[in-house]
Protein chains: 2
Amino acid sequence: MKQKRTTIYDIAKALNIHATYVSKALNEHSNISQEMIDKVKKKAAELKYRHNSSAANFRASYSKTCGVIVPKINESFFSNAIAGIEEVCAQNGHHLIICQSLESYTKEVEAIETLIRQNVDCIIISLSLETKNSNHLQEVLANGITLIQFDRYDESILSYIVKNDNREAAGRAVKHLLDQRYRRIAYIGGPEHLRIYIERKQGFIDTIREAQISIPYEYTCNISLRREESRKIALELLNGPNPPDAFFTASDFAALGVMQAAKDLNIPVPGKLGIFGFQNEEFTQYLTPTLSTVDQKSMELGALSARLYFSNLQNKEETGTSGNYKTEVVKCSLITNQSSVRSSKDPSQS
Amino acid sequence: MKQKRTTIYDIAKALNIHATYVSKALNEHSNISQEMIDKVKKKAAELKYRHNSSAANFRASYSKTCGVIVPKINESFFSNAIAGIEEVCAQNGHHLIICQSLESYTKEVEAIETLIRQNVDCIIISLSLETKNSNHLQEVLANGITLIQFDRYDESILSYIVKNDNREAAGRAVKHLLDQRYRRIAYIGGPEHLRIYIERKQGFIDTIREAQISIPYEYTCNISLRREESRKIALELLNGPNPPDAFFTASDFAALGVMQAAKDLNIPVPGKLGIFGFQNEEFTQYLTPTLSTVDQKSMELGALSARLYFSNLQNKEETGTSGNYKTEVVKCSLITNQSSVRSSKDPSQS
DNA sequence: TTGTAAGCGTTATCAA
DNA sequence: TTGATAACGCTTACAA
């Protein structure tokens with residue numbers, strides 16, 4: 001159906017030279033007269049020739065394409081990360097094939113399959129919440145494809161990892177809450193088969209311990225971090241015999257649930273309840289009160305992931321050896337908004 | 001560097017049959033004994049064979065890939081649209097190559113070039129604000145690639161168009177403001193080389209006229225719809241001799257600017273000033289007051305764009321003819337939030 | 001400086 | 001039922 005596109009053969013025929021030579025001319029190989037180059041290029045333009053990357057890539061057996069798998073494209077953390085990846089890839093003449101796992105392990109496995117079939121040069125992934133098994137990641141490596149995990153990673157896999165200083169950042173957030181005279185701080189965390197949630201929780205626990213405060217058993221929980229689920233948990237705790245006076249959550253969506261719960265119960269934030277999220281989703285700045293959160297630098301996280309691939313690539317070309325896998329850490333910054341900053345009049349509870 | 005992947009030749013060698021036959025067996029052609037199919041598949045699994053789509057696609061001269069170009073991946077309207085596109089494409093065994101124009105005409109042209117080179121089967125695009133010229137879109141068609149424009153489209157190009165009922169939706173929004181007893185309604189619109197901004201403005205003007213109200217000259221403007229720019233304009237109008245009592249804007253970001261201006265001037269919203277946006281960006285629901293907006297059904301817009309491609313594809317296969325280009329219209333729904341709903345106590349100004 | 005051959009992995013087509 | 005050939009468009013290596 002599609003009309004045939006112009007190929008180097010068409011140009012060759014028109015100029016009475018060999019196709020190979022056209023290819024060389026277009027690529028400006030040395031040993032080609034400038035005259036010829038100009039002639040070929042002119043004819044190419046005339047015939048509206050376009051380099052067929054898919055043919056060239058096929059021959060060279062690479063695709064100049066990076067596969068990206070994220071749980072959800074339309075979640076600002078991920079769309080920012082993708083924006084960062086896209087920019088770096090574009091700068092390096094690579095393209096992006098994007099898949100979403102929708103937090104499903106099965107879909108994630110399918111996406112990996114697809115990308116391997118597609119012959120992508122590297123796969124940049126942030127794992128779904130459901131992913132507990134890493135055979136599919138092993139497959140990526142077995143196919144000689146560079147694997148880069150960002151944010152939600154599996155430590156048991158030999159790959160590049162780009163992550164935040166989760167433990168430290170969580171610690172700083174909790175420290176901030178303590179400084180604001182909150183004392184009964186609850187933690188809402190994520191599924192702990194994912195390392196980042198262990199790290200964030202650890203930051204929480206360590207910091208509380210350092211302050212020589214004990215944490216009631218029910219003050220820490222691990223959930224799937226959805227808004228509604230978090231709201232329910234917050235309601236339970238706040239209605240309980242020993243309500244917390246602050247929440248630190250491993251996700252802004254969970255924090256949103258807490259905020260909702262506070263509204264349900266008419267508890268003033270930050271006066272009687274401090275809230276600190278994690279992720280720096282776009283909406284945090286629009287809430288009333290604005291939500292304090294940990295800025296994960298999502299765009300930078302994405303960009304760094306891509307850069308890691310390209311620097312490794314360059315290294316490979318120059319030295320013939322692939323660099324060692326390494327873990328890069330992007331330092332989070334705290335965004336202390338209204339939800340966690342008390343005025344001096346606000347009472348500390350005890 | 002990359003170790004060679006298993007091909008059908010490897011399987012053929014292992015089984016002492018011809019590669020062609022392996023291909024047929026894997027594709028379960030008729031005339032192949034079930035026994036053979038099983039044998040081949042078993043060996044394929046054993047050797048960890050993976051179909052090389054890029055080789056197959058190259059041979060078939062299609063790529064089973066859709067190119068997507070949006071101004072900004074990380075703007076919820078677009079990331080939702082992409083999510084919709086992705087889902088439909090995945091269902092149909094197609095992949096997505098995603099580019100962002102960052103609202104730059106030059107980048108958009110480059111992206112088109114890239115996608116043509118990549119041999120994508122279709123291009124789904126929402127134009128950059130800078131795009132006034134459509135030669136690059138013409139090129140897409142000239143290369144036999146299906147073109148689908150959504151939201152920000154150029155009417156002069158023969159392509160599929162997926163858009164909202166912009167004029168009607170704008171009319172309904174303005175009608176709502178009138179019903180809420182706002183009378184001096186200003187309009188902040190976008191660059192009018194893009195049809196959608198003409199349409200939205202027309203909806204505004206028509207509705208105001210129908211109500212037999214006259215619109216002061218300075219009440220309508222066309223800008224690039226950025227928050228700061230809009231805020232400045234709103235400040236000017238609100239500080240002017242004849243301040244508006246409501247704003248209808250062609251974008252939520254512009255509405256955000258207006259809201260900011262109202263805060264700057266301590267004008268109560270919605271009491272003294274009504275605001276109605278357009279786009280249904282995620283943040284609108286988190287503002288205080290929540291922002292009324294026109295829900296463009298971004299995910300549906302994206303999904304429909306993709307579906308249009310696949311139904312055309314099917315049609316082509318079945319009848320051998322490509323269907324006529326058509327324009328699909330997605331009906332917006334009004335989300336009337338707090339920013340435009342007055343209590344009965346609020347005075348109408350005159 | 002220019003030309004030729006070969007091959008990347010797949011599959012449609014024709015032959016046995 | 002199985003095998004062989006050729007082709008998709010490009011580029012690398014080598015020959016002239």
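Order of the sequence lines fixes the chain letters, A, B, ..., with proteins taken first and strands second; residue numbering starts at 1 for each chain. Keep in mind the model is a prediction, meaning the values are calculated, not measured.
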Need one value for [X]: base, sugar-phosphate or nothing, where a base atom within 4.0 Å counts as base even if backbone is also close, heavy atoms only.
X       : answer
B:Ser23 : base
B:Asn57 : nothing
B:Thr20 : base

Review point. Roughly how many Å is it from OH in B:Tyr21 to P in D:dA4, rounded to a whole number?
Key: 13 Å
Point to revise | Pairing residues for A:His136 by the side chain to side chain donor-acceptor pair (under 3.5 Å) criterion, not counting sequence neighbours | key: A:Glu108
Would you tell me whether [X] and [Y] have side-chain atoms, one donor and one acceptor, within less than 3.5 Å of each other?
X        : Y        : result
A:Gln34  : A:Asp38  : yes
B:Asn92  : B:Arg307 : no
A:Ser101 : A:Ser104 : no
B:Asn312 : B:Tyr160 : yes
A:Thr131 : A:Ser128 : yes

Check your understanding: Below 4.0 angstrom from OP1 or OP2 of D:dC8, is there any side-chain N or O of A:Asn52?
Key -> no
Tell me if a side-chain donor or acceptor on [X] pairs with a main-chain N or O of [Y] at a distance below 3.5 Å.
X        : Y        : answer
A:Thr6   : A:Leu47  : yes
A:Asn133 : A:Asn135 : yes
B:Asn119 : B:Ser63  : no

**Study point:** Those residues of residues 8-19 of chain A lying under 4.0 Å from DNA chain C by at least one heavy atom
**Key:** A:Ile17, A:His18
Exercise for review: Might you point out which heavy atoms bring A:Phe150 and A:Ser126 nearest each other, and give the distance in Å?
Suggested key: O-OG, 2.9 Å
Check your understanding: What heavy-atom pair brings B:Asp10 and B:Arg5 nearest, and what distance separates the two atoms?
Key -> OD2-O, 3.8 Å
Point to revise | Charged N-O contact under 4.0 Å between A:Arg50 and B:Glu113 | key: yes
Point to revise | Residues A:Arg152, A:Glu103: salt bridge by 4.0 Å N-O rule | key: yes
Study note, to complete from the structure: The bend of the helix from C:dT1-D:dA16 to C:dA16-D:dT1, taken between the axes of its five terminal pairs at each end and rounded to 10°, is 50°
Point to revise | B:Phe58-D:dC8 aromatic stacking (under 5.5 Å, under 30°) | key: yes
Check your understanding: For DNA chain D, which residues in residues 31-51 of chain A have a heavy atom at a distance below 4.0 Å?
Key -> A:Tyr49, A:His51
Check your understanding: Relative to the ring of A:Phe58, is the ring of B:Phe58 parallel (under 30°), tilted (30 to 60°) or perpendicular (over 60°)?
Key -> tilted
Contacts under 3.5 Å, N or O only, protein and nucleotides 14-16 of chain D:
none

Exercise for review: Under 4.0 Å from any heavy atom of chain A: name the first and the last nucleotide of DNA chain C that qualifies, 5' to 3'.
Suggested key: C:dT1 to C:dG9
Review point. Does atom CD of A:Glu300 have more than 12 heavy-atom neighbours from other groups under 6.0 Å away?
Key: yes
Review point. For B:Glu46, which of B:Lys43, B:Lys42, B:Lys48 qualifies under salt bridge (Lys or Arg N to Asp or Glu O under 4.0 Å)?
Key: B:Lys43
Check your understanding: Is a donor-acceptor pair below 3.5 Å formed from side chain A:Arg59 to base D:dC10, judging by atom type as modelled?
Key -> yes
